[in-house]
Novice: 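Quick one: this structure, given as structure tokens, is what I'll be asking you about.
Start at 1 and go down the list; that is how both ligands and their atoms are numbered.
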Amino acid sequence: MDLTNQSRRIKMNRIAFIVLAVLQLRVSLAACDTADYSNSSPVELLQAYIQINTTTYNDLSEAVEFWKKLAVLADVPVNVYEIVEGFPIVVLKWAGADSSQHSIMLNSHMDVVPAALEDGWTYDPFSGHIDENNVMYGRGTQDMKSVSIQYYTALRRLKENNVTLLRDVYMTLMPDEEVGAEAGMIPFLESEEFAAMNVGIELDEGTSFPLPVIAVFYQDKVVWQIKVDCHGVSAHGSTFPATNETATGKCRNVMNKFFEFRDEQYELAKVAPPNDAGGYTSVNINKINGGTANNVIPSLISLTIDIRLGTTVNEEQMDAKIRQMIAESGSNITFSYILKNPQSPATIVNASNPYWNAVTSAAEELGVQLLATIPPGSTDARHVRNAGYPALGLSPMPNTELLLHAVNERLAMDTFLDGIDLYEKIIDNLANIPADYTAEDGTEYLKVTAR
Ligand SMILES: [Zn+2]
């Protein structure tokens, strides 16, 4: 064995390794600067999107750039509207053959709820790490960056396969769904830009489901939040006033009333089918504030109560019930609404609605089972329905553990890819509903269910 030659070879190898490493570094730096995604697979696109930290209130300009690049790649126009400064709304347009027809609006939100490795994540929540089972971890994999990439990929495939769409299709990307849409969907629905889109149906987010079905949200429960202030005598901690004259005593009465109502509703919730949270009103006392010192009887105790109205609940009757419960709890108790969303109508989910037929026939063709669902919470779609347009919420994640907003939010990439096939069919069907098949007024496909 020639030792000199061997050590020379090792040295050469080491130099080659360093050169390669430097080259690789330059390539990856270049990829960061000029990433154009032209050769990216859908999974790589999702990964790149997850890696942009779009936690609500973060600067979204990187996400906006991402979508601008994808629009260029798809050769479709893109517009960015900033109705409220710092909260961009991105709109991509796939023009159909007849723009006078009602369009299809595919909505998703760019923002995600906060996540940090320290919360107990196995991988960095903004890495889009894919494990050995082909499951991608990351904030937004379920809620709802996956859906945005699915819409986009499906639309690109349709275009590349020269599938004609009769109706315009818009992808809209919102900045602040997770905190109430005050800068996103709510003002957007009142904008000229939205009016010009001439929307016929809006698709929005749904949820993952642990069974082999995809939930389709057709109505949202709305939120009421109230703050109750119980005023009572304040005195030294050694004095002994009547219970019902103290702030805490009054608060006890308020809590008893609301828990009584909660217990009734809980009985209804226990027997409610998993796809219908509309039949009960949830009530949770989420904040109890008050007190100044350990030896002072407080003059004020405040309660914050979160209520999600059953979909058949009459708003006036509910308001009267709240007032009565508080009035019966004692004197000097005041309350105010923090949030009082109006009841939201339901999208009609039967054969009389051609949009519903388009979605269900796509699922049938692919052997996918849909389940019309009223979820316990709410999405941006409630604002759309309130504005008079039918909306359906679905995120194609069957057989998937519910991890929206959770630690280790993740999605199997096979499920993600299947979802693209489903959207391809759904979009093709929706955008090709014949011209004379949809009502001029979207409220024809909505019904108010509150009694
Ligand atoms: Zn969401």
Side-chain angles (χ1 to χ4, degrees), residues 45-46 49-58 60 63-64 66-67 87-91 105-115 119 125-126 128 136-152 170-189 202-210 214-223 277 306 308 339 341 344 347 373-386 391-398 400-411 415-416 419 422-423 426:
L45 284 182
L46 177 58
Y49 194 23
I50 296 290
Q51 285 168 358
I52 304 171
N53 183 339
T54 56
T55 305
T56 325
Y57 303 123
N58 272 14
L60 291 176
V64 170
F66 174 78
W67 283 108
F87 293 87
I89 296 166
V90 181
V91 181
M105 174 176 172
L106 306 176
N107 185 59
S108 58
H109 57 85
M110 292 184 279
D111 64 323
V112 295
V113 293
D119 299 340
F126 298 100
M136 188 188 293
Y137 285 66
R139 180 59 86 223
T141 48
Q142 291 198 13
D143 185 13
M144 60 173 303
K145 287 177 168 174
S146 51
V147 174
S148 315
I149 301 296
Q150 285 167 330
Y151 289 155
Y152 173 79
Y170 292 92
M171 262 189 80
T172 53
L173 295 128
M174 295 295 153
D176 66 337
E177 189 274 344
E178 297 293 359
V179 291
E182 298 284 340
M185 186 61 93
I186 293 172
F188 184 64
L189 287 167
E202 189 240 19
L203 293 194
D204 212 302
E205 65 191 312
T207 185
S208 47
F209 214 83
I214 296 172
V216 183
F217 295 172
Y218 62 97
Q219 185 174 23
D220 286 26
K221 286 174 82 168
V222 297
V223 194
D306 184 288
R308 310 294 169 113
L339 257 183
N341 286 165
S344 173
T347 298
T373 297
I374 299 177
S378 60
T379 72
D380 266 353
R382 73 186 187 279
H383 306 301
V384 179
R385 294 189 198 100
N386 281 341
L392 295 169
L394 71 146
S395 300
M397 299 183 289
T400 302
E401 190 185 342
L402 200 154
L403 291 167
L404 292 89
H405 298 199
V407 167
N408 279 338
E409 180 179 346
R410 59 189 181 272
L411 182 61
T415 306
F416 168 68
L422 178 63
Y423 274 123
I426 288 177

Novice: State whether a side-chain donor-acceptor pair under 3.5 Å links T379 with D220.
Specialist: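 T379 vs D220: donor-acceptor pair found between side chains.
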
Novice: Using a cut-off of strictly less than 2.8 Å, determine whether E178 has an N/O/S atom near the Zn ion (ligand 1).
Specialist: no

Novice: For R385, is there an ion pair with E202 - N to carboxylate O distance below 4.0 angstrom?
Specialist: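 Between R385 and E202 there is no salt bridge, as every charged N stays at least 4.0 Å from the carboxylate O atoms.
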
Novice: By atom name, which N, O or S atom of E205 is the nearest to the Zn ion (ligand 1)?
Specialist: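 Closest N, O or S atom of E205 to the Zn ion (ligand 1): OE1.
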
Novice: Please list, chain by chain and in numerical order, all residues satisfying side-chain contact (heavy atoms from CB on, under 4.5 Å) with P375, sequence neighbours excluded.
Specialist: F217

Novice: Mind checking side-chain contact (heavy atoms from CB on, under 4.5 Å) for I186 and listing every partner two or more places apart, or none if nothing turns up?
Specialist: A181, E182, H383

Novice: Would you check if the Zn ion (ligand 1) lies under 2.8 Å from any N, O or S atom of D143?
Specialist: yes

